[in-house]
J.: 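Structure incoming, see below.
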Amino acid sequence: MIFHLTIADLIVTFVMIPLEIFWRITVEWIAEDTLCRLMLFFRAFGPYLSAMILICMSIDRFTSIAYPLSVKEAQKRVKWMLCCAWAGSFVCSIPQVSTFILRINIFQCSSMPDTLFF
């Protein structure tokens, strides 16, 4: 589980933080629409995955204390919980792909409808 938590933290460190830094420095989105959607997907995916893996670790620690003799079942449970954490993070991040688009007239990766821009 620590390995998966490390992967989630690396996504946050190497995708989310540089994205925010460069976006704040340039004040506009200088990449294309596909990269806008992909980066904002990972912007949501990293924190979701990190939080869900922490929840898995908490559940695993609880069950190992409450049911200390179920070692064989623990391995199956951990694999299942990690699969659910990855899948849940992916599903929760999907709306980012469909709602954000590159607005050419203002050069921003935005989720606002076209009617708000004049």
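No hydrogens, no waters, no symmetry mates; every other heavy atom, side chains included, goes into these values.
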J.: Under the salt bridge (Lys or Arg N to Asp or Glu O under 4.0 Å) rule, collect the residues that match up with D9, sequence neighbours excluded.
T.: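 In terms of salt bridge (Lys or Arg N to Asp or Glu O under 4.0 Å), with neighbours along the sequence ignored, D9 is linked to no residue.
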J.: Report yes or no: does S50 contribute a side-chain atom to a donor-acceptor pair with the main-chain N or O of G46 at less than 3.5 Å?
T.: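 Pair absent, no side-chain N/O of S50 close to backbone of G46.
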J.: Mind checking what makes side chain to side chain contact (heavy atoms under 4.5 Å, CB included) contact with I2, not counting sequence neighbours?
T.: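 I2 satisfies side chain to side chain contact (heavy atoms under 4.5 Å, CB included) with T6, M57 once adjacent residues are dropped.
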J.: Could you see if F42 belongs to whatever hydrophobic cluster contains I7? Use Ile, Leu, Val, Met, Phe, Trp, Tyr and a side-chain cutoff under 4.5 Å.
T.: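 Looking at the clustering, I7 is in the same group as F42.
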J.: Which residues pass the disulfide bond (SG atoms under 2.5 Å apart) test with C36, sequence neighbours left out?
T.: C109
J.: Sort and list the pairs that fulfil ring-ring contact (aromatic ring centres under 6.0 Å, His included) and have at least one residue in residues 11-32, not counting sequence neighbours.
T.: W23-W29
J.: Quick one: list whatever passes side chain to side chain donor-acceptor pair (under 3.5 Å) with R61, sequence neighbours left out.
T.: none
J.: Please name all residues satisfying side chain to side chain contact (heavy atoms under 4.5 Å, CB included) with E32, sequence neighbours left out, ordered by chain then number.
T.: T34, L35
J.: Name each donor-acceptor pair under 3.5 Å that joins a side chain in residues 82-94 to protein atoms two or more places apart or in another chain, with its distance.
T.:
unit_1 : atom_1 : unit_2 : atom_2 : d
W86    : NE1    : H4     : ND1    : 3.1
S89    : OG     : L49    : N      : 3.2
S89    : OG     : A85    : O      : 2.8
S93    : OG     : F45    : N      : 3.2
S93    : OG     : S89    : O      : 2.9

J.: Flag yes if V12 and M1 sit in one hydrophobic cluster, no otherwise; membership is Ile, Leu, Val, Met, Phe, Trp, Tyr, and two members link when side-chain heavy atoms are under 4.5 Å apart.
T.: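 Different clusters: V12 never reaches M1 through Ile, Leu, Val, Met, Phe, Trp or Tyr contacts under 4.5 Å.
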J.: Applying side chain to side chain donor-acceptor pair (under 3.5 Å), name anything that partners D60, two or more places apart in sequence or on another chain.
T.: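 D60: no side chain to side chain donor-acceptor pair (under 3.5 Å) contacts found.
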J.: Once you round to the nearest 0.5 Å, how far does CG of L10 lie from CG of L5?
T.: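 Separation between the atoms: 9.5 Å.
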J.: Looking at residues at least two apart in the chain, or sitting in another chain, which of them share a side chain to side chain donor-acceptor pair (under 3.5 Å) with T13?
T.: none
J.: Considering residues at least two apart in sequence or located in another chain, which fulfil the side chain to side chain contact (heavy atoms under 4.5 Å, CB included) criterion with L69?
T.: none
J.: CZ of R37 to CG of L40: how many Å apart, nearest 0.5 Å?
T.: 10.0 Å
J.: How would you list, by chain and number, every residue that makes a salt bridge (Lys or Arg N to Asp or Glu O under 4.0 Å) with E20, sequence neighbours excluded?
T.: R24, R43
J.: Only counting residues at least two apart or in another chain, list the ones meeting side chain to side chain contact (heavy atoms under 4.5 Å, CB included) with I21.
T.: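 I17, I25.
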